[in-house]
Structures are given as structure tokens and as C-alpha cells.
Undergrad: 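This is the structure I want to talk about, given as C-alpha cells.
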Amino acid sequence: MLHQIPLGGEDLARYRGAPRLARATGAEPFDTVAAGAPVTEHPQPGEVVWCDDAGVTCRRWNWRQGRRTGLTEDTTTALFVLDALAPLTDAALHAAVEDLATRLARLGPEVQITHRLLTAGPTSAQGD
């Protein structure tokens with residue numbers, strides 16, 4: 001809330017394959033909770049989702065997290081995703097990342113933090 005950007009935490013040990021951002025086909029499973037009960041939903045075709053080889057881990061960019069990869073008290077390897085969409089500046093994103101890293105480091109001396117910035121590739125003005 002402090003930085004007003006979407007931020008989600010994932011238990012990396014529960015991932016099957018590499019995390020990736022993709023447009024859903026609509027067939028991918030998404031393990032969530034509705035009305036207090038576990039359910040499997042499917043994203044809308046074309047919806048932007050975070051996923052792994054087993055299905056969707058988070059829907060609508062970084063808004064609805066699935067249960068399978070959610071952080072728990074037993075999590076020892078976490079992946080935090082910060083979605084930087086316009087009008088967020090690179091400087092604001094870096095400030096949010098540094099703030100999160102500082103807060104995580106306070107959990108103890110054994111905490112190791114690595115961060116990486118992923119950007120969209122260049123786009124063609126002609127739609128190639």
C-alpha cells in the first residue's frame with residue numbers, strides 16, 4: 001500500500017517449472033477460494049496471468065493469488081513480484097523494491113535477497 005503498486009508473494013518451492021507472465025488460453029486451472037471454500041477457476045482467454053507448468057499462480061497481473069503457491073509460515077524461499085504498470089516510473093519501482101528488501105532483511109541475518117528487473121522487449125511501431 002505504501003508504494004501503491006501490485007505486489008504478490010509466492011512460495012517458490014511450490015512452483016512447477018519457471019514462473020512466467022502470459023496471456024491465458026482459458027483452460028489453465030487456478031486454485032482459489034470462493035465463498036470460503038476451495039474451488040478451481042479458469043481465467044478468461046487473453047487474461048494476463050502469472051503461471052507455472054501446473055497452472056495459474058496469480059490472476060489479473062498481480063491481483064488474485066492462488067492457494068497452491070501462497071506464502072505460509074513454512075515458506076523458506078519466496079518470490080515477490082512487483083508489477084510496474086504506467087504511470088509508475090522506474091525510480092518508483094526501484095524505491096519499492098529497495099523498501100521491500102530492507103524490510104525482509106530485518107527478518108534475520110540468514111535472509112538472502114536477490115532482485116531482478118524484467119522488462120518488455122522492444123515493440124515494433126508497425127506491429128511486426
Side-chain angles (χ1 to χ4, degrees):
M1 296 299 290
L2 177 64
H3 295 278
Q4 298 181 8
I5 64 172
L7 181 149
E10 305 277 350
D11 187 329
L12 198 54
R14 294 180 172 189
Y15 264 74
R16 303 296 173 254
R20 60 190 175 276
L21 188 63
R23 292 208 178 262
T25 66
E28 303 90 345
F30 178 64
D31 178 27
T32 190
V33 174
V39 297
T40 299
E41 297 177 350
H42 299 276
Q44 296 294 316
E47 181 180 324
V48 176
V49 296
W50 284 98
C51 58
D52 65 4
D53 295 343
V56 173
T57 60
C58 194
R59 289 183 64 186
R60 299 193 179 135
W61 292 95
N62 205 356
W63 179 64
R64 284 193 65 205
Q65 184 176 355
R67 295 178 341 120
R68 178 173 55 87
T69 59
L71 297 175
T72 69
E73 289 186 15
D74 296 326
T75 300
T76 59
T77 305
L79 166 70
F80 291 92
V81 176
L82 290 75
D83 286 332
L85 305 171
L88 188 75
T89 65
D90 286 350
L93 173 63
H94 288 285
V97 168
E98 290 304 320
D99 185 42
L100 176 60
T102 298
R103 292 170 190 268
L104 290 172
R106 292 180 191 150
L107 294 174
E110 69 281 357
V111 173
Q112 296 179 13
I113 299 169
T114 301
H115 59 82
R116 175 181 323 168
L117 176 64
L118 304 177
T119 61
T123 59
S124 169
Q126 298 167 348
D128 295 331

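When reading the values below, keep in mind they use all heavy atoms of this one structure, side chains included, and skip hydrogens, waters and symmetry mates. Model, not experiment: these values are computed from the prediction.
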Undergrad: Just jot down the side chain to side chain contact (heavy atoms under 4.5 Å, CB included) partners of D31, sequence neighbours excluded, or say none.
TA: R67, R68
Undergrad: Can you name the residues that form a side chain to side chain donor-acceptor pair (under 3.5 Å) with Q65, not counting sequence neighbours?
TA: none
Undergrad: Which residues satisfy the side chain to side chain contact (heavy atoms under 4.5 Å, CB included) test with V97, sequence neighbours excluded?
TA: L82, L93, H115
Undergrad: Minimum heavy-atom separation for A24 to Q44, with atom names?
TA: CB-O, 3.8 Å
Undergrad: Any salt bridge (charged side-chain N to carboxylate O under 4.0 Å, His left out) pairs touching residues 86-95, not counting sequence neighbours?
TA: none
Undergrad: Quick one: does D83's side chain get under 4.5 Å of W50's, heavy atoms only?
TA: yes
Undergrad: Taking side chain to side chain donor-acceptor pair (under 3.5 Å) as the test, write out the residues that go with R103, two or more places apart.
TA: D99
Undergrad: Could you pull out all residues at least two apart from T89 that satisfy side chain to side chain contact (heavy atoms under 4.5 Å, CB included)?
TA: A91, A92
Undergrad: Taking all atoms of both residues into account, what is the closest heavy-atom pair of P29 and A54, and its distance?
TA: CG-O, 3.6 Å
Undergrad: Hey, what else clusters with F30 if you join Ile, Leu, Val, Met, Phe, Trp, Tyr whenever side-chain heavy atoms sit under 4.5 Å?
TA: V49, V56
Undergrad: Heavy atoms only: give me the nearest D11-G70 pair and the separation to one decimal.
TA: CB-O, 3.6 Å
Undergrad: A78: which residues meet the side chain to side chain contact (heavy atoms under 4.5 Å, CB included) condition with it, sequence neighbours left out?
TA: L71, T75, F80
Undergrad: Can you name the closest pair of heavy atoms from P19 and L79 and give their distance?
TA: CG-CD2, 3.7 Å
Undergrad: Might you work through the side chain to side chain contact (heavy atoms under 4.5 Å, CB included) test for D52 and E10, ending with a clear yes or no?
TA: CA-CA 12 Å; D52 65 4; E10 305 277 350; over 6 Å; no
Undergrad: Among all residues two or more places apart in sequence or in another chain, which pass the side chain to side chain donor-acceptor pair (under 3.5 Å) test with E41?
TA: R59, R64
Undergrad: Side chains of C58 and V81: closer than 4.5 Å at any heavy-atom pair?
TA: no
Undergrad: Show the nearest heavy-atom pair for residues T57 and C51, with the distance to one decimal.
TA: OG1-N, 3.8 Å
Undergrad: Tell me every residue that passes side chain to side chain donor-acceptor pair (under 3.5 Å) with D53, counting only those two or more places apart in sequence or in another chain.
TA: R20
Undergrad: Is it the case that atom CD in E73 sees more than 12 heavy atoms from other parts of the structure closer than 6.0 Å?
TA: no
Undergrad: Return the set of residues passing salt bridge (charged side-chain N to carboxylate O under 4.0 Å, His left out) with R60 (not counting sequence neighbours), or none when no residue passes.
TA: E47
